[in-house]
Structures are given as structure tokens and as C-alpha cells.
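Quick note on labels: first sequence line is chain A, next is B, and so on, each numbered from 1.
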Amino acid sequence: MIIENLTVRFGSFTAVENLTLEIPPGSVVGLVGESGSGKSTVAKAICGLVRYEGRMSGVDPKRVQLVFQDPYASLNPRMTVGASVEEGLSALPRGRRKDEVERLLSLVSLPPEFAGRYPRELSGGQRQRVAIARALGARPELLVADEITSALDVSVQGAVLNLIRGLQAELGLSMLFISHNLAVVRYVSDVVAVMHRGRLVEIGPAERVVGAPEHAYTRELLAAVPRLRH
Amino acid sequence: MRQLLRTPTGVIGLALVAATVILAIVGPPIWGEAAETIDAGAALQGASAEHLLGTDNLGRDILARVLAATRFSLLLAVLATVIGVGLGLLLGVLPSVLPRRAARLVTGAVNALVAFPALLLAMFTAVVSGLGARGAVLGIGMAIAPGFARLTQTLAASVAGADYVAAARLLGVPRWKIATRHVLPNIAEPVILNVTAVLGTGLVAMAGMSFLGLGVQPPEYDWGRLLNEGFGRIYLDPVVALGPAAAIILAGLGFNMVGEALAKSAARTSASAGPVSAAEVAPDDSAPDADAVLEVKDLTVTFPGGVTPVRGISLTLAPGEIVGLVGESGSGKSLSAFAIGGLVPYPGTVTSGRLRLNGTELTELGQAKRRKLLGTSMAMVFQDPMASLNPALTVGGQLAEVATVHQGAKRSAAWARAVDRLKHVRIPDPEKRARQHPHEFSGGMRQRAVIAIGLMGSPKLIIADEPTTALDVTVQRQILKLLREVSADTGAAALFISHDIAVVSELCHRVVVMYAGRIVEELPVSELAGGAAHPYTKALVASLPDLDTDKGEPLAAIPGTQPAPAEAGTGCAFAARCALADQRCGERPPLKEFGKAHTVACWHAGTVEIEVATR
């Protein structure tokens with residue numbers, strides 16, 4: 001997907017200003033920034049959930065899927081896991097949907113009997129897997145992951161990141177991976193883009209941005225990342 | 001249902017409703033004939049043994065007529081409610097289904113109707129659509145609809161903003177399906193509760209319409225009509241009017257009471273009865289640590305039903321020492337801090353073998369003294385600074401309050417100290433900032449202000465519960481630096497609670513790892529990266545990607561989830577997720593010495609397999 005001159009305004013406040021970004025097919029672009037930098041607004045604009053100015057091309061807007069931050073809020077508590085995943089399968093004939101739900105659940109390493117369970121019976125990590133399975137069911141050309149690990153416990157975060165990377169490699173997904181955590185973004189992405197106050201301040205190959213940052217803000221961000229003392 | 005029978009309101013309401021429904025079924029067959037029998041000789045009689053409620057102008061028995069009218073009265077009320085609720089639901093859900101402009105139009109129309117007096121609306125509709133039962137039902141239905149639409153709209157709007165509705169929209173689910181699948185089921189509960197109450201109101205309103213002559217017309221009769229006929233004789237034979245009136249009141253009250261009881265039982269949280277079996281802890285006899293700022297032994301927090309989220313933890317903090325308490329959500333780390341600060345919410349109970357703050361055993365103090373000691377020598381900082389500050393008061397005023405309440409300082413002296421403390425936490429231009437309200441501060445500034453509140457006294461202990469989790473990394477670094485400086489300047493010890501082991505390793509001297517309510521390992525921070533002995537600590541360290549993590553390798557992941565406090569069992573709580581678990585782990589490993597200032601609770605600690613298995 002190619003995003004050109006994306007601008008999002010809420011009243012007199014400009015959340016995203018003149019952002020141009022390319023997400024090459026089959027690659028993962030990481031978008032990092034602090035709260036209020038506009039990174040989640042970019043996600044919403046790409047998914048058509050807010051009004052924007054600018055041009056987006058290369059991907060059918062109907063084939064963009066979003067995985068939300070909070071898996072407790074993104075699954076309907078009154079619907080079984082199977083019914084939630086099935087919502088994206090309207091293109092399939094009814095008879096084949098059940099098999100497809102099973103296939104999607106196995107893709108995110110969940111046993112097929114989970115289809116009959118309700119979200120409240122699942123842990124945070126399992127819910128996030130269901131949300132990913134639901135998004136994959138719509139066969140997206142672009143998957144947007146907005147802070148998908150920040151509501152999860154540390155011990156499950158690793159598993160979800162592994163899953164995302166595995167799926168990306170297996171299915172050749174194009175992905176926009178948004179996080180405030182630079183270490184997580186670096187681990188998952190090929191390209192890292194840094195946002196600050198609604199603008200893109202730096203973009204480049206992940207190792208280059210982390211290893212030899214050019215913009216002062218990127219350096220500040222890097223210095224602030226908490227590290228395990230060795 | 002069982003919940004309903006627990007309150008007197010529910011029991012009485014249910015009994016009245018049951019009586020009404022039974023009468024509606026059996027009334028007409030039993031008393032229908034007597035109610036229609038004209039006896040000109042017995043016209044306009046008062047109460048007698050033969051006619052308990054007297055007779056009407058055609059000599060018909062009024063008691064029989066009241067009982068037989070139950071079915072018709074209830075039927076009309078149900079019909080009116082169905083119309084009102086149906087219309088209300090439709091109008092209420094439409095805005096979340098229609099495109100923006102049309103949705104606004106519907107909302108506006110509902111708002112206008114809500115502003116219009118219900119009684120007028122009902123009478124207007126009834127008169128326009130023709131006098132009689134049909135007109136009255138329509139009228140009451142119309143009167144019920146706007147209020148119900150407003151209720152539905154408000155409920156639907158809160159659901160329509162949920163992430164799962166956005167997700168469904170992205171998946172291309174049609175609007176009407178979003179309404180029926182996502183919105184309606186999630187608002188069903190409060191809606192159903194309200195229908196019961198509306199039914200009661202509808203019953204009374206229908207009777208009102210008939211009484212005014214706008215409802216049921218003779219020869220048909222309902223309770224309102226009977227009341228209307230008896231009303232003229234109320235001074236001669238009060239009982240002929242009171243009979244139907246009592247029926248209306250009792251039935252209406254019944255539905256309203258059931259509705260009320262249902263709403264109450266739905267609002268009640270699931271935490272319910274069950275004996276509090278607080279663990280009996282013997283006071284510790286060993287000599288207390290004279291130098292320690294905080295000494296906790298066998299701290300346990302119990303909730304009714306035998307749920308113990310914190311199980312016998314022991315901790316000692318020396319002056320100036322910063323100790324990190326790490327664990328996943330549900331490990332009991334925050335509750336441990338709450339217990340130390342005396343903040344465990346009802347109905348939790350705290351027991352401890354020892355709880356000494358700065359040499360004083362807290363459990364031996366009375367409420368007031370304990371509060372005063374905690375207020376002046378302990379500071380607490382929470383995750384959300386906005387929740388710790390009162391949005392209606394100035395920041396300086398909230399700081400000064402500490403000095404006037406706990407230290408009895410004069411207002412001007414308190415204010416001066418407040419400004420000084422704000423300056424101490426590096427808030428620029430403190431005189432001006434002190435006069436501002438919390439909303440004028442940024443997140444980081446607010447957290448600084450909260451820390452300044454803690455510094456108004458002379459804290460010996462600072463408890464910080466995830467103080468940087470809601471902040472950006474650059475701000476987080478500043479706050480961590482401030483905490484370090486404050487601890488160094490004042491000599492206060494700090495208990496720093498976090499789920500982020502990297503943050504803890506940057507700030508703290510010592511790390512305490514909690515799992516399922518117990519401490520599983522305690523170690524110097526220098527050991528964390530290379531010398532951790534518990535498989536859980538090792539996995540936590542390995543699962544965290546940093547800027548040098550090999551991108552070719554998958555991250556370490558811990559399968560499964562942490563057991564809930566009630567399901568922890570008697571063995572090692574981590575065993576179900578541990579690659580090393582064997583028979584021995586069916587018994588809970590004690591926390592034992594592993595090295596210098598290092599304790600661990602694992603049977604496999606230090607063995608060769610652990611090094612291999614957790615690679």
C-alpha cells in the first residue's frame with residue numbers, strides 16, 4: 001500500500017500531517033511513536049474509521065483488517081469464538097464456514113474446540129489469537145496491528161509476537177505494526193518509521209534506524225528504552 | 001429467580017404479579033357470568049355479605065366484575081407495553097444503524113418527544129385515534145415509546161463505540177446485522193429489566209385513561225372503567241370505588257417491585273456471601289530488624305470464599321533501598337502494596353505475622369494513629385495520576401492539604417511548603433503551577449505532582465504501583481530518575497511495583513518476583529540477567545525483546561496462563577507451565593537461600609537441567 005500526503009484533522013487539531021508511507025507487498029512496516037504522536041490515527045485512517053485527506057493506493061480499502069489493542073474489548077462477549085471468527089467469512093458458502101473457522105483457529109495455534117467457547121473463558125493471549133484469526137479470515141491484503149501486545153502480560157507477549165512473525169512469513173502478509181515499544185517494533189519489522197507530533201520524522205530499514213538513528217527524536221526515544229542491566 | 005426471592009421487595013412483587021396473572025387466567029371463566037348478571041332489584045347496593053363490594057347501577061356484583069376484569073386490564077397493559085417498547089426499541093436502535101445524517105434526525109425526533117409531556121401525548125393519540133380501548137392502548141404505547149427509545153439509544157451508543165463493533169464493520173458485516181448481533185444482545189439485560197417496570201406503569205396508565213373516560217367504553221369494562229363508575233358514589237359507598245382502586249394499585253405495584261428487584265440483583269456484583277476464613281497467623285516472635293524501614297512477615301490477603309490473592313509474603317526494606325516487585329497481572333503484587341498501606345478494599349481481610357513501618361508495629365495501632373503514621377511517613381504513587389488528583393482543586397491546594405490535615409500546619413506555611421515540594425520534583429515555575437488544576441498538567445507533570453504530595457510529609461517509605469506504565473518512554477525515564485533522586489535525597493526506601501522487568505532492572509537494587517500470590521524468587525538486580533534461578537524469572541527475562549534480540553530466533557514464551565488465586569492448588573503454582581516439572585513439584589517448594597541475598601522457591605534451582613531447559 002502507498003499512502004500519500006495523509007492528513008487527519010479533528011476540528012482545529014491536526015493529528016496526522018502530510019504523512020507519506022509505503023508498505024511494500026509482503027513486508028512489515030513498524031510505526032513507532034509516543035502517545036499523541038498520531039500513530040493510532042494513521043491506523044484508523046487506513047481502515048477508513050476516520051475521515052482523512054490524502055491518497056491511498058495499492059490495496060483495496062475493503063481488504064484491510066485491523067487487530068485492536070485490547071482483546072477484552074474487541075470480541076463481542078455474547079458471541080462464541082467460532083461465531084466471531086465466522087463474521088469475516090461471508091464470502092464463503094455456509095457449509096464451508098465451519099471448516100474454515102477450524103483452519104483459522106489452528107493457524108493461530110488454538111484447538112478447534114475453542115470455537116464453542118465464549119471470550120470470558122479465554123485468557124488475554126488466547127483472545128488476541130482469536131482476534132488475529134478473525135482478521136485473517138477476511139483474507140486481508142494488509143493487516144494493521146495496533147499495539148496488539150501492550151494489553152497483554154509479558155509472559156504471553158512473546159508468544160503473540162512469535163505468532164505474528166510466523167504468520168507473516170507463512171502467508172506473506174503485508175503488515176503495518178504499530179507500537180510504542182521500539183524493541184518490539186524492531187523485532188517484528190523490516191522497516192521502521194518513527195512518528196512525532198503527527199509527522200514522520202525518520203524512516204528506514206529496522207537495523208539502520210535502531211543502529212544509526214539520524215533524527216534527534218529517534219535518538220531520544222532509543223535512549224529512553226528501558227534495558228535489562230547486564 | 002433465586003436472587004429475586006432474597007429481597008422482600010422481590011418476594012412481595014413476585015407474589016402480586018403471580019396473583020394478577022393467575023386471576024387473569026381463571027377470572028373470566030369463574031366470575032364472568034356473575035359479573036354480567038343483571039339484577040335490577042339489587043342495584044346500587046353497598047357492601048353486604050352477599051355482595052362484598054356492593055353492586056352497580058344494574059345490580060351486577062362489583063367484586064365479580066373486578067376479578068373478571070383482571071384479564072382485560074392486564075391484556076390492555078401488555079398490548080400498550082408491546083407497542084411502546086417495540087416502537088422505543090426501533091427508534092433507539094435506528095441511530096446506530098442509519099447513516100450519520102439520518103441518525104441525527106431520529107435522535108432529534110426522540111429528544112423532542114421526550115420533552116413532550118407523556119400524559120398529553122397519550123391523551124392526544126387516544127382522542128385522535130378514536131375513543132375506546134384501541135385508542136387508549138395506542139395512546140399509552142405512544143407515551144411509553146420516547147422514554148424507552150432514549151434508554152435504548154443511550155445503551156446502544158455505549159455499545160456502538162466498542163471495538164468489536166468496529167471490527168465487525170471492518171469485516172463488512174451489514175449494518176442491520178451489527179444491530180441484531182452486536183448491539184441488541186449486549187443491551188438486552190437492562191432493557192428487559194425496564195420492560196417489567198414499564199408494564200406496571202402501563203397498567204396504571206391504562207386504568208387512568210379508562211377512568212377519565214378516554215379508554216374502555218361500556219359495555220366493556222376494565223379496572224379503570226369500574227373505578228370511574230364507582231367514583232360517583234364514593235361518599236355514599238366508598239367500597240365500590242376502593243375495590244377496583246386496590247386492584248389497580250396492587251397489580252401496578254407488583255410489576256414495579258419486580259422490576260426494581262431485578263435491576264438491583266443485576267447491579268449487584270458477583271462477589272457474594274461465603275464465610276471469610278482469614279488465615280490465622282501467629283505473631284512472629286523473632287527479634288525485629290531494628291534498621292529496617294519496612295518489615296513484613298507472612299502477609300496474607302483473603303477474600304470471602306477462600307480466595308487468597310496474596311499468600312504469606314515476607315519483605316524487608318532497608319533505608320534508601322529501592323526494591324522492585326515484579327509479576328504478571330493477578331500475581332498479587334498490587335494487592336500486597338495495598339495491604340501494606342492499609343488500602344485493601346472491603347471485603348478483603350489482611351493478616352500478617354509482622355507489619356512494621358519504621359520500627360512501629362502497624363497492627364497494634366488504632367485506626368486514627370495508624371492513618372496518621374501512614375499519612376506522614378509513607379507515600380503512595382499509583383499508575384493513573386489523574387485518578388490520584390482531585391480535578392476540581394488546584395494542585396497546590398491538594399499538596400497543602402497534607403500539611404494542614406496531618407501536620408496541623410497554618411495555611412500559608414502549608415502553601416509555601418507545597419510550592420517548595422513542587423520545585424523539588426522539578427516542576428518548572430512552581431508558584432504558577434501550584435495555582436493550576438490537574439487538567440492543565442501533562443501526564444508526566446501530574447505524576448510529579450503526585451510524588452510531591454508524598455513528599456509533603458517526611459516519607460520513610462515510598463510505594464509506587466506501576467507509576468510509569470501510563471507514561472511515554474521518554475517521560476518514564478524522567479520519572480524513574482526523579483524517584484531515584486528522591487530516594488537518595490531523603491533516605492526513603494522505595495517499593496517499586498511493575499510488570500516490566502527491564503524498568504525494574506534499571507531502577508532497583510533488589511528484585512522480588514511474585515507468582516500466583518507468592519514470592520518465588522528474590523535476587524540482587526545484578527543477578528537478574530544472568531543469575532536468576534527460578535524457571536519463571538528466567539522465562540520472563542528471556543521473553544522480553546530488547547534492541548539486540550536476534551531477529552532470526554523466536555522469543556521465549558511461557559505456555560499456559562497463571563492460575564487464578566482460587567485455583568493455585570497445593571503444589572508449585574508454576575508447575576503446569578514449567579518444562580522441568582516432575583513429581584516433586586506436586587509439593588510446594590519453600591523459599592530457601594540460594595546465594596548471597598538471593599532466595600528462590602524451586603526444587604530444581606541450581607541443577608544442570610534448568611540451565612539446559614531454559615536456554
At a heavy-atom distance under 4.5 Å, which candidate from [options] has the highest pair count against chain B?
options                       : result
A:A73, A:G158, A:A135         : A:A73
A:H180, A:Q126, A:R165        : A:R165
A:S150, A:P77, A:A138, A:S123 : A:P77

Working to the nearest 0.5 Å, report the span between [atom1] of [X] and [atom2] of [Y].
X      : Y      : atom1 : atom2 : result
B:D500 : A:N181 : CG    : CG    : 8.0 Å
A:M79  : B:N186 : CE    : CG    : 9.5 Å
A:R134 : B:Y164 : CZ    : OH    : 11.0 Å
A:D153 : B:L540 : CG    : CG    : 9.0 Å
A:Y187 : B:L544 : OH    : CG    : 12.0 Å

Give the member of [options] that has the highest number of heavy-atom pairs under 4.5 Å with chain A.
options                        : result
B:H182, B:Q476, B:H499         : B:H182
B:G172, B:G443, B:P559, B:P554 : B:P554
B:L480, B:L171, B:D472         : B:D472
B:E527, B:E553, B:K177         : B:E553
B:T474, B:T469, B:V473, B:I558 : B:T474

Flag if over 12 foreign heavy atoms under 6.0 Å of [atom1], [X]:
X      : atom1 : answer
A:R219 : CZ    : yes
B:R484 : CZ    : yes
A:R103 : CZ    : yes
A:R199 : CZ    : no
A:R96  : CZ    : no

Item to complete: Grab the two heavy atoms, one from A:S74 and one from B:D163, that are nearest each other, plus how far apart they are.
Response: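 Distance-wise, the nearest heavy atoms are CA-CB, 3.6 Å.
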
Practice prompt. Please name the pair of heavy atoms, one in B:A502 and one in A:P226, separated by the smallest distance, quoted to 0.1 Å.
Written response: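 Looks like CB-O, 3.7 Å.
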
Donor-acceptor pair, distance only, cut-off 3.5 Å: does the side chain of [X] make one with the backbone of [Y]?
X      : Y      : result
B:R477 : A:L221 : no
B:S543 : A:V156 : no
B:E506 : A:R227 : yes
B:K551 : A:E207 : no

Worksheet entry | Under 4.5 Å from any heavy atom of chain A - which part of B:L547 |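 Both parts, heavy atoms under 4.5 Å.
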
Worksheet item: Using non-hydrogen atoms only, which part of B:A167 is less than 4.5 Å away from chain A: side chain, backbone, both, or neither?
Response: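 Contact with chain A: backbone and side chain both.
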
Worksheet item: For chain A, which residues from residues 321-335 of chain B have at least one heavy atom closer than 4.5 Å to it?
Response: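 Expected list: B:E328, B:S329.
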
Is [X] close to chain B through its backbone or its side chain, or both, or neither, when contacts mean heavy atoms under 4.5 Å?
X      : result
A:A131 : neither
A:V67  : neither
A:Q157 : side chain
A:S189 : backbone
A:N76  : both
A:L161 : side chain

Discussion item. Do B:P545 and A:R186 have side chains that approach each other closer than 4.5 Å (heavy atoms only, starting at C-beta)?
Written reply: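 Answer no - side chains too far apart.
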
Fill in: Side chains of B:I501 and A:L228 in contact at under 4.5 Å (non-hydrogen atoms)
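In contact.
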
Worksheet item: When you check the gap from the basic side-chain N to the acidic O, do A:E87 and B:R181 get nearer than 4.0 Å?
Response: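 Yes, charged N to carboxylate O under 4.0 Å.
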
